Amino acid sequence: MLLKGENISFGYNKGSLVLDNVSIAIAPGEVVGLLGPSGCGKTTLGRILAGYQLPEKGVVTIDDKPLPTVGFNPVQLIFQHPERAVNPRWQMRKTLNEGWHPSDDLLEELGIEKQWLTRWPNELSGGELQRFCVARALGPETQFLIADEMTTMLDAITQAQIWQVVMRIVRERNIGMVVISHEAHLINRLCSRVVDFKNINSPDLFLV
Amino acid sequence: MTDKKDSTAENSPAYTSNEMLLEVENLSVAFRQYNKGLQQMDLKVISSLNAAVKKGEILAIVGSSGSGKSLLAHAILGILPKNATVTGSIKYMGNELTTKDQERLRGQEIVLVPQSVNFLDPLMKVGKQVRTSVRNENPVEAQRRVFERYQLKQSVEGMYPFQLSGGMSRRILVSTAMVSGAKLVIADEPTPGLDPKIVDEALLHFKGLAESGCGVILITHDIETALKVADNIAVFYAGTTVEVAPVADFSGTGQDLRHPYSRALWRALPQNEFIPIEGVQPLPQNLPCGCFFQPRCERATASCAEKQPEAREIRDGMVRCIYAS
């Protein structure tokens with residue numbers, strides 16, 4: 001069962017493509033790093049693979065079927081700025097339980113304190129909010145996880161804390177993972193395979 | 001700025017050179033808040049913070065969000081909100097910085113390079129924006145000279161911010177600081193989320209400012225950025241300075257670092273051990289007794305919870321830990 005993007009093309013402006021006929025496949029249990037300078041299309045590819053954006057050309061499939069358009073998305077995306085990824089008018093409990101009900105064990109493991117559940121997003125720090133975003137993305141139906149600069153805005157200790165939990169769960173549940181980052185050290189530490197966007201013009205490199 | 005100086009403040013010989021540009025000692029900032037109805041409370045967000053920067057030197061301030069990094073910048077510039085109370089001492093060129101001084105110096109001798117390129121005026125041509133900060137010479141000449149230095153074509157001066165790339169906008173922001181003839185430049189998170197090439201370019205600009213005799217304070221949450229250009233690194237935790245160390249001490253397993261938090265931060269980097277310590281930085285409303293790091297510290301003892309450790313000078317650096325050596 002693979003998550004596949006085949007012959008994906010996408011551009012924000014007419015006449016220029018950010019992604020030109022790119023193909024990528026991720027297997028369950030695999031951790032793939034996407035490395036490259038800003039503006040090279042890493043985030044765009046992540047959004048397309050998670051179904052947030054439709055490609056101009058090409059298809060995204062999971063287990064050779066198109067991504068479901070209703071219900072819990074098996075491809076979950078975690079964004080760089082958690083404060084922009086939660087509803088500012090919802091208390092954290094509501095945000096956390098929107099897609100599924102994370103167990104107390106998971107919350108404890110992620111270091112989410114009970115008293116945070118009744119807080120509003122503006123009362124929590126970026127690191128605290130990002131823990132919620134991770135928890136809500138790890139539902140039982142999650143098969144693939146895309147982390148787009150998930151810990152770029154966080155200090156080194158918080159970064160290591162979050163990755164430690166995520167990597168353990170990913171391994172345990174055989175989730176396929178895409179790590180988007182411009183930090184080579186982080187990618188080298190986490191990933192079993194690295195896709196460098198410098199090689200974007202040779203799409204074959206992306207296939208498993 | 002009140003002039004109350006803590007008698008426990010320690011001055012090291014290194015901190016009293018005549019080249020000293022800015023010296024912050026035992027700075028505390030509290031915000032007055034309304035709890036319920038008319039009940040007021042003072043929330044201390046910065047306590048006993050120290051930092052010092054010399055001419056031609058880059059001091060990096062490293063800490064997680066909420067550690068008080070940006071508030072320090074705002075306190076130096078005197079742009080804290082009205083409900084803030086500041087105690088402790090900020091000295092600029094050896095003299096206590098008063099509110100009047102701050103108003104006179106900010107934007108001239110002390111300038112802020114803001115975090116986001118959104119701080120450029122969207123409706124003013126960038127050449128004009130740079131010219132408005134020139135003080136002592138011909139604005140057009142000064143602006144053209146700095147553009148040449150930063151490899152910005154002359155046609156750029158007639159452009160609006162939306163026509164520039166991120167890297168160009170950043171060069172405009174630094175140009176503004178350059179032409180102002182500033183002596184102290186405070187850069188607040190100038191490089192978050194940028195790819196390494198642009199980060200290096202931006203850092204080179206700050207290095208250039210320091211080489212021209214400026215003092216630079218570089219505020220960042222990213223140690224790696226700090227390591228590339230800084231002379232000294234101040235580590236902030238929960239609104240206090242836990243350590244100030246020469247950049248060379250951030251190496252190996254962190255054995256040369258003085259404070260357990262700095263060591264933990266260093267060891268948590270992906271290129272080092274990538275092993276985190278447990279817990280989170282406490283919020284200002286529930287700070288622990290004694291040393292703020294004590295509940296997360298593996299070496300903590302009962303005496304750590306008694307009172308906040310005073311700043312001590314150790315090996316060309318400063319540390320707030322009773323066990324540091």
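Letters go in sequence order (proteins before strands), and every chain restarts at 1. As the structure is a computational prediction, the values presented were derived from the model and not from experiment.
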Which residue in the set A/Leu186, A/Ile187, A/Asn188, A/Leu190 passes side chain to side chain contact (heavy atoms under 4.5 Å, CB included) when paired with B/Pro270?
A/Leu186

Among A/His185, A/Gln164, A/Met167, A/Gln159, find the one that has a side chain to side chain contact (heavy atoms under 4.5 Å, CB included) with B/Phe274.
A/Gln159

[X] to [Y] - nearest heavy-atom pair and separation:
X	Y	answer
B/Leu269	A/Ala156	CD2-CB, 3.7 Å
A/Met153	B/His221	C-NE2, 3.5 Å
B/Val280	A/Arg131	CG1-NH2, 3.6 Å
B/Leu283	A/Arg119	CD1-NH1, 3.8 Å

Can you name the side chain to side chain donor-acceptor pair (under 3.5 Å) partners of B/Ser175, sequence neighbours left out?
none

Should the heavy atoms of other residues, nucleotides or ligands under 6.0 Å from [atom1] of [X] be counted, would the total exceed 12?
X	atom1	answer
B/Glu278	CD	no
B/Glu273	CD	yes
B/Glu298	CD	no
A/Glu172	CD	yes

Are any of the side-chain heavy atoms of A/Ile157 and B/Arg296 separated by less than 4.5 Å?
yes

Residue pair B/Gln271 / A/Arg189, side-chain heavy-atom distance below 4.5 Å:
no

Non-hydrogen atoms of chain A under 4.5 Å away: do they reach the side chain of B/Asn272, the backbone, both or neither?
backbone

Which atoms of B/Leu265 come close to chain A, meaning under 4.5 Å heavy atom to heavy atom: side chain ones, backbone ones, both, or neither?
both

